[in-house]
Amino acid sequence: MHEFLLPLIQKALLSAGIITDKPIQIEQPADKKFGDFSTNIALLAAKECRRNPRELAQEIIQHLTFQPDTIAKIEVAGAGFINFYLAPIFIMRSVEMVLDNGGGYGKGSMGNGKKALVEYVSANPTGPLTIGRGRGGVLGDCIANLLETQGYQVTREYYFNDAGRQMQILGESVRLRYLECCGEAIDFPATHYQGEYIGEIAETLYAEHGKELLEMMDISLFKKSAETTIFASIRQTLDRLQIRHDSFFNEHKLYTAEDGDYSANQKVINALREKDFIVEYDGATWFQTTRLGQEKDKVLIKSSGEPSYRLPDIAYHITKFERGFDMMVNVFGADHIDEYPDVLEALKILGYNTERINIAINQFVTTTVDGQTIKMSTRKGNADLLDDLIDDVGADATRLFFIMRGKDSHLNFDVDLAKKQSKENPVFYLHYAHARICSLLRMGIQETGFDPTSSKEHQLLRLLSSPAEVQLGFALLNFPDMVKTSLRMLEPQKMVEYLHSLAELFHRFYQECPILKAEADICKARLFLSAATRQILRNGFRILGVSAPESM
RNA sequence: GCCCUUGUAGCUCAGUGGAUAGAGCAACAGUUUCCUAAACUGUAGGUCGGCGGUUCGAGUCUGCCCGAGGGCACCA
């Protein structure tokens, strides 16, 4: 609808001779008595024009020209707001587009073929996925879906490292458990991986090899075995949530030189050295961030000669630019919050446009079971496994609960609520609206032989004018704007809220307006409206990665 | 001690410098001869953590204080 109003206002400003560099903001007032849409442009422009806002608003209104039957009323209100009331007939006419476009309704061309990269999950294969990772995974997946609806060519990437120190410890942990299987007495250090899965991997090795690995001091076989098993389990868990990646980027690539060339890591050092941001002391190589006003320099190469995580991170981001991505989104958990500023600083120094990088940070998750809040802690056994949560509440509830709060909010995952089969549970409420429409349409075909999904008599929608119908129709038209808002804010939560309110409006319509019992044309019109609602629910569910049950 | 996020109704949370601060759930009171009552309607519920500042206007920006979560490694 913004596409409809924005040009109208722009033209009015132009013909009224009002010049302002303030952006035209169109919002939907919380209270319907202030119209369907409203703009505060007169308030914003008043200051620079040195005019009274209300007078200015009045003048803008006089220069607004539009087709009859589109806008029912325009008024100046409050301090100088301009409020628009759409004509019901215009709303219902517009709903026809939902049916005409079907699954394509809500798609946009913001991306226009541009290449986008979304990096998410990116857990190293040291253990099964935790609930906290799940939130980021779902968030990233939804953001990727949103980008796709806007015409971006999206790559979903998983960045991992199977070479570092943590992986060494992992291999060592498996070896120790293996020795245990062989009946050796061992001392298992607290610094090693405590989870039960380590023992399971060791047992598998014991079953395959017996005691023949007993004397093997090289841990690479143990490490490899652990990595393969754990990665398989991670991917299986992600698969249960419909989270998929197109690309798995192994950090190790950045360490190795190709054809006598420098490694990607070394190139970063060279380039930063050229910019005079590299210093060496204490046996290590440092990124001189003190020159940027920070308290301490940051280590890039440890005195052991190994790069610290920061160096490959910078090199990795450079590959994103080199691979030609116009837009990049990194989804991180709150524990990585201190990681990215240094990376961005380095990229800026090296001349990359860091405005193309968007950081989406999600706060942590606590779960509530039987009214008891359980705090999540990483690296402490396996009390917070994502798999267990999916077993408990199902994939749809897991996904939806992760994104139904803003990513900045410290999510409280109420496991009992997620399992409830009633409207208290938002998953259920959304599913029910969809299933109810499916049932209604089935019944409609049975009783009247009319199928709104194959009929083209969409213009019958114009017969509808009751408040419940018009409000539902209006909500449907907001879908494209909601998609854009969700993407702009990198916040799928907006979509969840929108769909919830849509479901609510449908239930009210269903309650107030008899459908199959109505006069033939009205019946058809209402079935069209129902079909359009179902279409939007489906389009929204697809973005959120939630199923659309046909019956319940 | 420093940095990031956060504090809004009983609970879980929206709120993009603008109008009398909203929603869902819970609570209370109603609605089914009728397409799924797995639903709908209505009522009540607030010192926007606290104290200052910026301005025509602050829940929103800013300073300090208090509470919560996270981070402050030659771990990732």
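Please read all numbers here as calculations on a predicted model, not as lab measurements.
- Both distances falling under 3.5 Å, in either a Watson-Crick or a G-U wobble arrangement, place B:G7 opposite B:C66.
- Using a 4.0 Å heavy-atom cutoff across all strands shown, A:Asp313 reaches no nucleic acid atom at all.
- Looking at heavy-atom distances under 4.0 Å, A:His336 makes contact with a base.
- With a cut-off of 3.5 Å on both Watson-Crick or G-U wobble distances, the partner of B:C28 is given as B:G42.
- Here, B:G50 and B:G59 have their C1' atoms 14 Å apart, quoted to the whole Å.
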- In B/S/- notation, 5' to 3', how is nucleotides 10-19 of chain B contacted by protein heavy atoms closer than 4.0 Å? --BSSSB-BB

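- To the nearest whole angstrom, the two C1' atoms, one in B:G45 and one in B:U33, are 37 Å apart.
- Using a 4.0 Å cut-off, no side-chain N or O of A:Lys302 falls inside it from OP1 or OP2 of B:A73.
- Note that the CD atom of A:Gln168 and the OG1 atom of A:Thr126 stand 13.0 Å from one another [nearest 0.5 Å].
- Within the 4.0 angstrom heavy-atom criterion, only backbone atoms of the sugar-phosphate kind lie near A:Met443; the bases stay farther away.
- Residue contacts for A:Glu504: at a heavy-atom cut-off of 4.0 Å it reaches the sugar-phosphate backbone alone, with no base atom in range.
- Using a 4.0 Å heavy-atom criterion, one finds that A:Arg508 contacts the sugar-phosphate atoms exclusively.
- When the C1' atom of B:U5 is taken as reference, atom CG of A:Leu490 falls 16 Å away, rounded to whole Å.
- Taking the side chain of A:Glu424 as heavy atoms from C-beta on, and the options B:C25, B:C74, B:A37, the nearest nucleotide is B:C25.
- For A:Arg436 and A:Tyr510, the positive end sits near the middle of the six-membered ring, less than 6.0 Å away and at most 45° from its axis.
- Counting non-hydrogen atoms under 4.0 angstrom, A:Cys513 reaches a base of the nucleic acid.
- Expressed to the nearest 0.5 Å, how far CG of A:Asp342 lies from CD1 of A:Ile314 amounts to 7.5 Å.
- When rounded to the nearest whole Å, the span between CD1 of A:Ile515 and P of B:C35 equals 11 Å.
- In this structure, A:Ser303 and A:Leu440 both approach RNA chain B, and ranking their closest nucleotides by distance from the 5' end singles out A:Leu440.
- Proximity of A:Tyr429 to the phosphate of B:C40: a side-chain N or O atom is located under 4.0 Å from OP1 or OP2.
- If you check B:A14 for Watson-Crick or wobble pairing at under 3.5 angstrom, you find it has no partner at all.
- Between A:Asn124 and A:Ser551, the residue whose closest nucleotide on RNA chain B is further toward the 5' end is A:Ser551.
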